[in-house]
Protein chains: 2
Amino acid sequence: MDSTEKKDIVSDGAEGRYDCIKLENQLCFPLYVCSKEIVRRYKPFLDEMGITYTQYITMMVLWERGSVTVSRLGECLYLDSGTLTPVLKTLEAKGLVVRKRSAEDERSVIVEATEAGMALREQAVTVPPRMGACVNLSQEDAMELYRILHLLIDNIGK
Amino acid sequence: MDSTEKKDIVSDGAEGRYDCIKLENQLCFPLYVCSKEIVRRYKPFLDEMGITYTQYITMMVLWERGSVTVSRLGECLYLDSGTLTPVLKTLEAKGLVVRKRSAEDERSVIVEATEAGMALREQAVTVPPRMGACVNLSQEDAMELYRILHLLIDNIGK
DNA sequence: TGAAATTAAATTGTGTACAATCTAATTGTA
DNA sequence: TACAATTAGATTGTACACAATTTAATTTCA
């Protein structure tokens, strides 16, 4: 059984030819699934805050940096204006951010958190501990994952 | 400098309180970025085939399994009918798949690749080698990443 | 057996993502 | 200094992704 199985893997040319496009042999697919599913897990916590995941990471940048231009925001989040413009309009409609044209360069739009936006930070700090429990990776695996993902991001950026 | 820096990290209470919601301390964010950016890298290759990433992974399941129901497809791809129905209609319009109601259970819809859909497999096998070059991870890191992502998927599924 | 519960897809509505294009402001340079 | 090139955002169009709801078929079980 062992030897025939081994033989199969090597000799089965018909199977081997398409191995590289099997779902289970992809690296991209589990990446895509993990991203999607973890964002989905965030939803109940973010619902409490009345924002979506994209809005959440946008607020993270504003909490950390105060005010930033749309283009800087795009660099931080790997998103373009086609995505950010509607997200920022939504956040503005919710009263969490304000947008204003830069005085020095009228092309740029400066975004910053309002008082309500900054206040949301207090609810936000309760999210990671609760998420961590549900991700449930060992410290070593989490660090390894972190390291490799950032390596990958650097490589993709070329 | 070293000691003051160390002291800062420990003593700066104002910063420390919000560390957990800094973008750089997230695990989910690089996951989200990697997924997005890698899918974007696939685009030129998939454009040659005339399909999108979601359509590509759908075809992978069909190439591998022959015919499957929409719900089985959803289990494989972690997608629901709200996403799959329009994707499958598009693939059908392109002549790559056919959909038919199951005879045994009229609720189920069976999807399978057409001849044109199966033929596309020949172009598909050229994609992973070309993508691999652009991802550029060591064999060890790729395997580690694969392992941890699947661990994560298992954990999230609870 | 027949009504209630369950299941499978489809539909609807909201919110991203991103390519491509457009407009307006700024910069570079001949 | 005009004018071409660049840059910043916004807009448009296409394609997911998912929650919630709906419809139709099948199962359960009182």
> Rounding to a whole Å, what distance do you find between A:Leu88:CG and C:dT16:P?
Replying inline: 10 Å
>> Test of understanding: with side chain to side chain donor-acceptor pair (under 3.5 Å), list the residues that count as partners of B:Gln26, not counting sequence neighbours.
In response: none
> Below 4.0 angstrom from OP1 or OP2 of D:dG9, is there any side-chain N or O of A:Lys89?
Replying inline: no
> What pairs with B:Arg147 under side-chain contact (heavy atoms from CB on, under 4.5 Å), at least two apart in sequence or on another chain?
Replying inline: A:Asp141, B:Glu144, B:Leu151
>> Distance check needed: C:dA8 P versus B:Lys100 NZ, whole Å only.
In response: 19 Å
> Under the side chain to side chain donor-acceptor pair (under 3.5 Å) test, which residues partner A:Glu122, sequence neighbours left out?
Replying inline: B:Arg17, B:Tyr18
Result block: side-chain N/O donor-acceptor pairs under 3.5 angstrom for residues 105-113 of chain B, not counting sequence neighbours:
residue, atom, partner, partner atom, Å
B:Asp105, OD1, B:Arg107, N, 2.9
B:Asp105, OD1, B:Arg107, NE, 3.1
B:Asp105, OD2, B:Arg107, NE, 3.4
B:Asp105, OD2, B:Arg107, NH2, 2.8

> How close or far is atom P of D:dG9 from atom CD of A:Glu92, stated in whole angstroms?
Replying inline: 14 Å
> What integer distance in Å separates A:Leu46:CG from C:dT16:P?
Replying inline: 11 Å
>> Checking B:Ser71 now: which residues fulfil side-chain contact (heavy atoms from CB on, under 4.5 Å) with it, not counting sequence neighbours?
In response: B:Thr69
>> Which residues pass the side chain to side chain donor-acceptor pair (under 3.5 Å) test with A:Thr126, not counting sequence neighbours?
In response: A:Arg130
Check nucleotides 22-27 of chain C against the protein and report each pair of N or O atoms closer than 3.5 Å, with its distance, or say if there are none.
residue, atom, partner, partner atom, Å
C:dT26, OP1, A:Glu106, N, 3.1

> Expressed in angstrom and rounded to an integer, what is the separation of B:Leu77 atom CG from C:dA9 atom P?
Replying inline: 13 Å
> Considering residues at least two apart in sequence or located in another chain, which fulfil the side-chain contact (heavy atoms from CB on, under 4.5 Å) criterion with A:Thr90?
Replying inline: A:Gln55, A:Lys94
>> The criterion is ring pair (Phe, Tyr, Trp, His ring centres under 6.0 Å); which residues satisfy it with A:Tyr42, sequence neighbours excluded?
In response: A:Tyr53, A:Tyr56
> Any cation-pi pair here, A:Lys36 with A:Tyr32, using under 6.0 Å and within 45°?
Replying inline: yes
> Reading nucleotides 13-20 of chain D 5' to 3', which nucleotides get B (base under 4.0 Å from a protein heavy atom), which S (sugar-phosphate only), which -?
Replying inline: --SSBBB-
>> Taking ring-ring contact (aromatic ring centres under 6.0 Å, His included) as the cut-off, I'd like each qualifying pair that reaches into residues 98-153 of chain B, sequence neighbours left out, listed once.
In response: B:Tyr146-B:His150
> Taking the side chain as C-beta and beyond, is there a heavy-atom pair between A:Arg121 and A:Met59 under 4.5 Å?
Replying inline: no
>> What residues from residues 62-76 of chain B pass a heavy-atom cutoff of under 4.0 Å to DNA chain D?
In response: none
>> Could you tell me how far apart A:Ile110 (CD1) and D:dA10 (P) are, to the nearest whole angstrom?
In response: 12 Å
> Would you say B:Arg99 reaches C:dA8's phosphate, i.e. side-chain N/O to OP1/OP2 under 4.0 Å?
Replying inline: no
